[in-house]
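Because the structure is predicted, anything quoted here is derived from the model rather than measured.
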Amino acid sequence: LSFLTSYVWSKTMSNNTGGGFDIWNPGSTNKYNQSQMWTVSSSDVPQNFKLSGTYELPIGRGKAFLKSANTVANQVIGGWQIGAVVNYFKNGPVTLSQSYEGGVGSEGFGLNPIRNAGVKPLSGVSLSDAFYKHMPYLNSAAFSNPPLHVYELNNYRNKFSDIRQPGFANEDINIGKSWEIREYAKLTFKAEFFNMLNRVEFGGFNGNIDSVDPNSGFGLIGNSVASI
């Protein structure tokens, strides 16, 4: 038996909303009060677990089972190994946005929405229902627009630690065996099964609270990244 595993528990913070400190960018920040933007970064992955390992089955000559097998039987049943590579991690935060026509000249400004205190940001539906039944995973009542047609320095954060994109989970399995043909030559058989549990990797949520697109409105999962 041999294995290699790692677990990372971390937190990445930033005061960059994703568009830099240029006030003309969508999701712009208040350059004069950057501390208000201090929140979890887009690249924040708080937990990440990986495990890979190989196990030789205790079957065949000299092993726990069928240890007295003859040469032919041992070549068939002995020396088989199974292996696995698994990976689970929590994903980064949803980037919230709001389409705001500020009315300063002909320019529109992308400002960050206001998070309403005391309102749960998640709707309560499962990821599966959000994707297959096209139900919003995020609760639109938890957010509101800044005042319309009033240009202001935007002090509202657009990322929160408790509002995250769907996480990732995957398990790959393999089984194999080798036969020595000569001292310098070996024949190997290996079968690999990717995404053994047939998990779906969901795409990201739409974080624009003004989006009314029935196919990709606020809080909806637009697509799946991978499905086997």
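The minimum heavy-atom distance linking Ser178 with Lys186 is given by the pair CB-CD, 3.6 Å. In this structure, Ala169 and Arg199 approach most closely via the heavy-atom pair O-CD, 3.1 Å. Among all heavy-atom pairs drawn from Ala73 and Asn70, the shortest one is N-OD1, 2.7 Å. Nearest approach of Asn116 to Ala141, heavy atoms of both residues: ND2-O, 3.0 Å.
With respect to Phe218, the side chain to side chain contact (heavy atoms under 4.5 Å, CB included) criterion is satisfied by exactly one of Leu96, Asn208, Asp210: Leu96. Partner Asn74 forms a side chain to side chain contact (heavy atoms under 4.5 Å, CB included) with one of Lys63, Arg61, Lys67 and no other, that one being Arg61.
The cluster map of Ile, Leu, Val, Met, Phe, Trp and Tyr, joined by side-chain heavy atoms under 4.5 Å apart, puts Phe65 and Ile77 in the same cluster. Grouping the Ile, Leu, Val, Met, Phe, Trp and Tyr side chains by contacts below 4.5 angstrom, directly or via other members, places Leu122 apart from Val119. Hydrophobic cluster membership is shared by Trp179 and Leu57, with clusters built from Ile, Leu, Val, Met, Phe, Trp and Tyr side chains linked at under 4.5 angstrom. Transitive grouping of hydrophobic side chains (ILVMFWY, heavy atoms separated by less than 4.5 Å) keeps Ile173 and Phe194 in distinct clusters. In terms of hydrophobic clustering, with Ile, Leu, Val, Met, Phe, Trp and Tyr side chains grouped at heavy-atom distances under 4.5 Å, Leu197 and Phe202 are assigned to different clusters.
Between Val40 and Thr12 the shortest side-chain heavy-atom distance does not fall below 4.5 Å. Taking the side chain as every heavy atom from C-beta outward, Pro121 and Phe143 approach each other to under 4.5 Å. Here the side chains of Phe189 and Trp80 are in contact, with some heavy-atom distance below 4.5 Å. Residues Ile163 and Pro93 fail the side-chain proximity criterion, which asks for heavy atoms closer than 4.5 Å. Residues Leu51 and Tyr88 form no side-chain contact, since every pair of their non-hydrogen atoms from C-beta on lies 4.5 Å or further apart. At a threshold of 4.5 Å between non-hydrogen side-chain atoms, the residues Phe205 and Leu127 count as touching.
With rounding to the nearest 0.5 angstrom, the CD atom of Glu171 is 7.0 Å from the CG atom of Asn195. Taking CG of Asn48 as the reference point, atom CH2 of Trp9 lies at 15.0 Å (rounded to 0.5 Å). In this structure, CZ in Phe131 is found 15.0 Å from OH in Tyr137, a value given to the nearest 0.5 Å. Here the NZ atom belonging to Lys159 is positioned 11.5 Å from the CE atom belonging to Met13, to the nearest 0.5 angstrom. To the nearest 0.5 Å, atoms OG (Ser42) and CG (Asn158) are separated by 7.5 Å. Once rounded to the nearest 0.5 Å, the distance linking CE of Met135 with CG of Leu220 reads 10.0 Å.
No donor-acceptor pair under 3.5 Å is formed between the side chain of Asn87 and the backbone N or O of Asn170. Looking only at distances, no side-chain donor or acceptor of Asn91 sits under 3.5 Å from a matching main-chain atom of Phe168. In this structure, Gln165 contributes its side chain and Gly203 its backbone to no donor-acceptor pair below 3.5 Å. At distances below 3.5 Å, not a single donor-acceptor pair connects side-chain atoms of Asp44 with backbone N or O atoms of Gly92. A donor-acceptor distance shorter than 3.5 angstrom exists from the side chain of Ser123 to the backbone of Pro136, with no hydrogens or angles considered.
Heavy-atom contacts from other residues, nucleotides or ligands closer than 6.0 Å to CD of Gln47 number more than 12.
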Working note: Ile82 + Asn174, criterion side chain to side chain contact (heavy atoms under 4.5 Å, CB included); need CA distance, chi angles, decisive distance, verdict. CA-CA 6 Å; Ile82 58 174; Asn174 64 75; 6.0 Å; no
What verdict does the side chain to side chain donor-acceptor pair (under 3.5 Å) test give for Ser43 and Ser41, after you've listed the backbone C-alpha separation in whole Å, the side-chain angles of each residue and the deciding distance to 0.1 Å? CA-CA 5 Å; Ser43 58; Ser41 169; 3.1 Å; yes
